[in-house]
Amino acid sequence: MAEISVTDSLTTESSIPILKTRFAPSPSGPLHVGHILAAVQARRLADANAGSCLLRIEDIDVTRTGSREWVDLMYEDLAWLGLTFDGEVMVQSTRFDVYAAALSRLKSMGLLYPCFCTRAEIKAQIAEIGRAPHATLGYQYPGTCRHISAAEAAERIARGDAHAWRLDMQRVQDLIGTPLWADMRRGVQRCVPSAYGDVVLARKEMPTSYHLAVVIDDAAQGVTHVTRGEDLFDATNIHRALQAVLALPVPTYCHHSLLKDNTGKRLAKRDGARSIASLRAAGFSPDEVYRSLHTALANGGVWSV
Ligand code: GLU
């Protein structure tokens with residue numbers, strides 16, 4: 001009988017993926033306390049599970065000036081707060097070719113159509129049908145250009161008419177049905193793609209969109225758990241639909257509540273007083289920032305500093 005050594009039967013590789021979270025700020029201004037709440041949530045979930053927490057810079061909006069300067073300040077603020085991340089930083093502005101490949105795949109699947117409407121035209125169309133805006137996603141495009149023939153669309157593109165590429169959510173739904181996703185706080189959710197409107201996935205001045213880039217990159221970075229503010233809860237349905245059509249893995253989500261001011265209003269990014277840079281300048285220590293965050297969380301999310 002062949003001898004079997006004990007080590008032959010030891011399993012050394014786990015098939016359970018290591019938990020990976022990420023912090024994915026858009027450098028459209030200085031980091032503020034809301035960002036730090038998101039970063040801390042991601043870091044803590046990773047640490048509590050011997051996982052890792054990655055950093056991704058979501059700088060696809062190349063029309064914005066000064067984003068380089070915000071990225072530099074962000075690194076300074078994160079270092080000051082002692083917040084560290086694992087692995088390599090992913091920078092979305094270096095990945096437009098990856099997003100373009102996904103976009104052409106969606107086009108070849110017949111799931112995108114060019115939309116030639118201007119903002120003013122869309123507003124007028126919506127006013128005419130009297131549709132109320134979606135609570136967090138804003139106005140939903142009424143689908144006007146969905147009915148333009150392929151020949152007319154090709155002709156208009158050839159003559160240089162400005163256009164955006166929209167995802168045909170009804171077609172998406174016909175293809176994938178109503179898939180599920182899980183939120184750690186709210187439980188299992190069913191995504192009904194057609195309920196979210198035909199979102200824009202690309203336009204001339206911005207060759208990808210947040211929705212497309214975020215699902216591609218969460219998959220590329222192997223993110224297993226996405227923690228982010230509950231203002232993005234509805235957007236996750238759009239992301240779930242994209243994951244289904246692009247055959248991408250589906251992370252677990254945790255949408256945390258947002259910080260508010262003492263009138264109950266959500267803290268806005270433009271509210272410079274809550275930027276980390278201004279707290280630093282006002283003489284706060286990192287510990288005081290964390291303590292204030294802790295107090296705010298114990299106090300229904302009200303940031304009172
Ligand atoms: N980049 C987004 C922001 O700064 C967050 C994206 C996400 O967490 O999915 O608001």
Are Leu78 and Phe23 packed together at the side-chain level, in the sense that at least one heavy-atom pair is separated by less than 4.5 angstrom? yes
Could you give me the CA-CA distance, side-chain angles and deciding distance for His239 and Tyr210, then say whether ring-ring contact (aromatic ring centres under 6.0 Å, His included) is met? CA-CA 10 Å; His239 303 169; Tyr210 160 62; 5.2 Å; yes
Could you check whether any side-chain heavy atom of Leu31 comes within less than 4.5 Å of a side-chain heavy atom of Trp70, counting everything from C-beta outward? no
Heavy-atom distance under 4.5 Å between the side chains of Ile238 and Met169, does that happen here? yes
May I ask you to check whether Arg22 and Gln221 show a side-chain donor-acceptor distance below 3.5 Å? no
Is the backbone of Ala38 close enough, under 3.5 Å, to the side chain of Gln41 for a donor and an acceptor to pair up by distance? no
Is there a path of hydrophobic side-chain contacts, each under 4.5 Å between heavy atoms of I, L, V, M, F, W or Y residues, that connects Val199 with Ile122? no
Could you tell me whether the side chain of Met90 reaches within less than 4.5 Å of the side chain of Leu54, counting heavy atoms only? no
Should we count CD of Glu88 as having more than 12 external heavy atoms under 6.0 Å? no
Does some side-chain heavy atom of Arg228 sit less than 4.5 Å from a side-chain heavy atom of His255? yes
Distance from Thr21 atom OG1 to Asn49 atom CG, nearest 0.5 Å? 9.5 Å
Rounding to 0.5 Å, atoms CZ (Arg43) and CD1 (Ile36) come to a distance of 13.5 Å
For Tyr139, I'd like to know if atom OH has over 12 heavy atoms of other residues, nucleotides or ligands within 6.0 Å. no
Asn237 and Val192, any side-chain heavy atoms less than 4.5 Å apart: no
Ile18, CD1 atom: more than 12 neighbouring heavy atoms under 6.0 Å: no
Cationic N near anionic O, under 4.0 Å, Asp261 to Arg274: no
With side chain to side chain contact (heavy atoms under 4.5 Å, CB included) as the test, pick out the partner of Met74 among Ser67, Pro30, Pro27, Pro25. Pro25
Sub-4.5 Å side-chain heavy-atom contact between Leu297 and Leu37: yes
Arg159 CZ: over 12 foreign heavy atoms closer than 6.0 Å: yes
Under-4.0 Å salt bridge between Arg166 and Asp198: no
Is a donor on one side and an acceptor on the other found under 3.5 Å between the side chain of Ser52 and the backbone of Lys20? no
Verify side-chain contact (heavy atoms from CB on, under 4.5 Å) between Ile276 and Phe284, making sure each step is shown before the conclusion. CA-CA 9 Å; Ile276 301 306; Phe284 273 70; over 6 Å; no
Would Leu45 end up clustered with Phe85 when hydrophobic side chains under 4.5 Å apart are linked, directly or stepwise? no
Trp165 ring center within less than 6.0 Å of His211 ring center: no
Val214, Leu167: one ILVMFWY side-chain cluster at the under-4.5 Å cut-off? yes
Tell me if a side-chain donor or acceptor on Arg240 pairs with a main-chain N or O of Pro179 at a distance below 3.5 Å. no
Which distance, rounded to the nearest 0.5 Å, do you find between the CG of Leu103 and the CG of Asp97? 12.5 Å
Are Ile157 and Pro114 close enough that some pair of their side-chain heavy atoms sits under 4.5 Å apart? yes
Between Glu121 and Thr118 (side chain of the first, backbone of the second, donor and acceptor by atom type, cut-off under 3.5 Å), is there such a pair? yes
Assess whether a salt bridge exists between Arg185 and Asp183, defined as any Lys/Arg side-chain N lying under 4.0 Å from an Asp/Glu carboxylate O. no
Mind checking the OG-CG spacing from Ser275 to Leu267? Nearest 0.5 Å is all I need. 11.5 Å
